[in-house]
2 protein chains.
Amino acid sequence: MDGQDDGISRWRRVADGIRASIMEAGVTDRLPPETDLAADYGVNRHTVRRAIAALAAEGIVRAERGRGTFVNPLEPRISYPIGTRARFSENMMRQSLEPSGRLVGSQKVSADMGMARLLGLALGAPLHRLDHMAVVDGVPLSRSTSHFSAERFPGIIAAYAQEGSITQALRRCGLADYRRRETRLTAERVSPGDADALSCAGDAIVLVTNAVDVDLEDRPVQAIRTRFLADRMELVFVNPEGA
Amino acid sequence: MDGQDDGISRWRRVADGIRASIMEAGVTDRLPPETDLAADYGVNRHTVRRAIAALAAEGIVRAERGRGTFVNPLEPRISYPIGTRARFSENMMRQSLEPSGRLVGSQKVSADMGMARLLGLALGAPLHRLDHMAVVDGVPLSRSTSHFSAERFPGIIAAYAQEGSITQALRRCGLADYRRRETRLTAERVSPGDADALSCAGDAIVLVTNAVDVDLEDRPVQAIRTRFLADRMELVFVNPEGA
DNA sequence: ATTAGTTGTCTACACAAATAGACAAATAGG
DNA sequence: CCTATTTGTCTATTTGTGTAGACAACTAAT
């Protein structure tokens with residue numbers, strides 16, 4: 001197709017480029033005319049048109065015949081604080097957003113080496129695997145997979161299904177409070193299954209957090225892997241004032 | 001091309017899928033035969049072959065005629081702690097890695113609204129913009145763009161060019177110590193310019209951190225936006241034991 | 001040596017992507 | 001009203017992607 005053949009069509013690259021200039025460089029009101037964009041990106045005008053059509057379908061721009069192509073006012077990313085207290089519901093409500101958790105699936109599994117180490121259990125220990133999903137104001141934000149000791153939290157699945165919140169479900173299982181010990185962060189392309197559940201594009205990007213929550217005696221409670229849609233989220237880590 | 005037309009070719013999606021099964025599901029030694037993969041992904045064998053060729057070019061797998069296709073031993077992601085002390089060089093050396101910073105470019109600019117707010121300066125205040133790049137053991141890891149007050153740190157560009165470290169450059173400008181106040185995190189596709197500088201694929205994913213460093217009197221020192229290559233990095237946030 | 005299973009290479013064809021050019025339709029400014 | 005600019009639509013052509021089938025080359029086990 002071009003010099004570099006990375007399997008991404010030209011119009012998609014142009015669309016990504018224009019999107020980037022809108023997001024980063026902050027192109028606010030109007031895009032350059034199609035002929036100019038075509039010259040900039042070194043492609044045919046029709047290719048630019050297709051790119052713009054894709055962006056219009058995303059709701060990012062709007063083309064008006066005879067006038068030009070304009071950038072729609074974009075909604076800011078939702079902020080999600082990571083730190084000691086990682087409580088989805090509370091954090092969302094603080095931003096006057098309506099959170100809701102949804103059970104997607106559950107399974108009884110046994111601990112492999114990684115899980116056993118993370119949760120401080122024996123190899124092969126029985127676990128509850130809980131797949132859930134976070135929706136804010138009707139918009140899917142993230143998919144998570146939690147692992148709990150089945151011996152310590154036998155009723156966790158049912159409790160979550162009713163409460164729609166990990167914090168509340170753990171409280172019903174007798175755990176008053178917990179804190180986050182560690183969060184590891186990276187980013188990937190969304191998996192096909194997650195793309196389906198989150199109703200996003202198949203090539204969307206997710207922020208992946210692998211974390212461990214512990215009780216007040218520092219015993220592991222859950223290992224949780226969450227995939228946040230990067231274009232709808234922003235993770236924030238704030239250091240305390242006088243540290 | 002397929003049901004959903006997102007401008008990503010089929011072999012690229014298959015390649016991404018196989019890469020994901022290697023990374024996540026942990027397919028260690030051998031891939032299923034091409035005919036099986038073709039059936040799994042619902043594509044022709046030739047399409048799978050092209051996907052495998054791309055993965056082979058990335059160095060992830062290696063095909064051997066008559067035997068099969070095998071997964072190459074993969075190097076683990078480099079861990080980068082985010083927290084109060086965000087010092088690239090020190091953090092890398094703690095993992096016995098050889099860090100080095102490189103000046104990519106610099107510019108005198110004036111503060112727009114966002115920068116003025118972040119740095120606590122007046123609108124239009126003179127700034128030094130410093131574009132740099134972090135390389136560890138010869139592998140490019142990240143690109144950063146820093147903004148400093150030109151009045152407070154007039155010699156920062158030259159100092160960085162010589163030292164190759166922000167911490168050292170600030171010390172030469174009379175700042176003994178600083179800390180990170182806030183880190184905001186998201187993820188995007190790499191920009192064409194960064195892809196070129198980091199010598200990575202054009203469709204790679206970067207972890208983006210927007211952060212503000214402050215001196216010991218909590219006055220802003222630099223606003224820094226860093227793009228980490230997600231497949232070479234992992235950001236880690238650890239909470240202190242007794243918090 | 002034979003056989004089954006696997007990757008490598010070739011040809012051919014259908015279809016999508018990208019280019020090229022021309023012109024219509026709407027807008028804005030003099 | 002006229003003109004320049006800009007988006008929308010049409011046709012045609014070339015190049016790339018994916019599918020299909022066949023066969024060669026190599027490996028490992030029987």
Side-chain angles (χ1 to χ4, degrees), chain A residues 1-18 21-22 27-72 192 201-203, chain B residues 1-18 21-22 27-72 192 201-203:
Chain A
M1 196 158 11
D2 197 15
Q4 51 183 340
D5 190 352
D6 53 2
I8 304 202
S9 58
R10 280 187 105 145
W11 64 264
R12 161 63 50 195
R13 265 207 289 269
V14 173
D16 289 344
I18 296 174
S21 2
I22 293 172
V27 175
T28 49
D29 46 345
R30 211 192 127 164
L31 256 53
E34 293 170 351
T35 47
D36 292 19
L37 286 171
D40 287 358
Y41 286 96
V43 297
N44 192 276
R45 187 186 146 223
H46 293 87
T47 309
V48 169
R49 283 183 60 68
R50 185 156 186 191
I52 289 177
L55 293 175
E58 285 181 51
I60 295 178
V61 301
R62 137 194 54 93
E64 294 181 22
R65 169 187 280 204
R67 297 193 61 215
T69 304
F70 302 86
V71 178
N72 287 326
D203 64 331
Chain B
M1 203 155 4
D2 198 14
Q4 52 182 339
D5 189 354
D6 53 2
I8 304 208
S9 59
R10 240 162 151 174
W11 64 265
R12 162 59 55 195
R13 263 206 288 271
V14 173
D16 289 343
I18 295 174
S21 0
I22 292 172
V27 175
T28 49
D29 48 344
R30 211 193 127 164
L31 256 53
E34 293 170 351
T35 47
D36 291 19
L37 286 170
D40 287 358
Y41 285 96
V43 298
N44 191 276
R45 187 186 146 221
H46 293 89
T47 309
V48 168
R49 283 184 59 71
R50 187 158 187 187
I52 288 177
L55 294 175
E58 285 182 50
I60 294 178
V61 301
R62 135 195 55 92
E64 295 182 20
R65 172 188 282 207
R67 299 194 60 213
T69 305
F70 301 87
V71 178
N72 287 326
D203 64 332

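Quick note on labels: first sequence line is chain A, next is B, and so on, each numbered from 1.
- Taking atom OH of residue A:Tyr41 and atom P of nucleotide C:dA18, one finds them 15 Å apart after rounding to whole Å.
- Here A:Arg10 does not reach the OP1 or OP2 of C:dA17: none of its side-chain N or O atoms lies under 4.0 Å away.
- Between A:Thr35 and D:dT6 there is no side-chain N or O to OP1 or OP2 distance below 4.0 Å.
- Residue B:Thr69 is classed as a sugar-phosphate contact, given heavy-atom separations below 4.0 Å to backbone atoms only.
- Across the protein-nucleic acid pair, A:Arg12 atom CZ and C:dA16 atom C1' stand 16 Å apart, rounded to whole Å.
- For A:Ala63, counting side-chain heavy atoms from C-beta on, the closest listed nucleotide (C:dA18, D:dT7, D:dT17) is D:dT7.
- One can place CZ of B:Arg13 at 12 Å from C1' of D:dG18, the figure rounded to the nearest angstrom.
- Atom pair B:Phe70:CZ and C:dT7:C1' shows a separation of 11 Å (rounding to whole Å applied).
- Between the CZ atom of B:Arg62 and the P atom of C:dG8 there is a distance of 12 Å, rounded to whole Å.
- The separation between B:Glu34 atom CD and D:dA20 atom P is 16 Å, rounded to whole Å.
- Rounded to 10°, the helix from C:dA1-D:dT30 to C:dG30-D:dC1 has 30° between the axis fitted to its first five pairs and the one fitted to its last five.
- Here the straight-line distance linking atom CD of B:Glu34 with atom CG of B:Asn44 works out to 10.5 Å at 0.5 Å rounding.
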Quick one, give me the B/S/- string for nucleotides 9-14 of chain C, reading 5' to 3', where B means a protein heavy atom under 4.0 Å from the base and S means that only happens at the primed atoms, P, OP1 or OP2.
BB----
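- Considering only the side chain of B:Arg50, D:dT17 comes nearest among D:dT19, D:dT17, C:dA18.
- The minimum heavy-atom distance between B:Ala51 and B:Ala15, with the atom names listed, is CB-N, 3.6 Å.
- Distance, A:Leu31 CG to D:dT6 C1': 13 Å, rounded to whole Å.
- Considering only heavy atoms from C-beta on, B:Arg49 comes within 4.5 Å of B:Arg45 through its side chain.
- With rounding to the nearest 0.5 Å, the separation of CD1 in A:Ile60 from CD1 in A:Ile18 is 10.0 Å.
- A:Leu55 pairs with exactly one of A:Asp16, A:Val71, A:Val61, A:Thr69 by the side-chain contact (heavy atoms from CB on, under 4.5 Å) rule, that one being A:Val61.
- By the salt bridge (Lys or Arg N to Asp or Glu O under 4.0 Å) test, B:Arg67 pairs with B:Glu64, sequence neighbours left out.
- For B:Arg13 against B:Ile8, the heavy-atom pair with the smallest separation is NH1-O, 3.7 Å.
- Taking atom CZ of B:Arg67 as the reference point, atom P of D:dA28 lies 5 Å away to the nearest angstrom.
- Contact annotation: B:Asn44 does not reach the phosphate of D:dG18 (side-chain N/O to OP1 or OP2, under 4.0 Å).
- Scanning all heavy atoms of the two residues, the minimum distance from B:Thr47 to B:Trp11 falls at O-CB, 3.6 Å.
- In this structure, CG on A:Asp40 lies 9.5 Å from OG1 on A:Thr35, to the nearest 0.5 angstrom.
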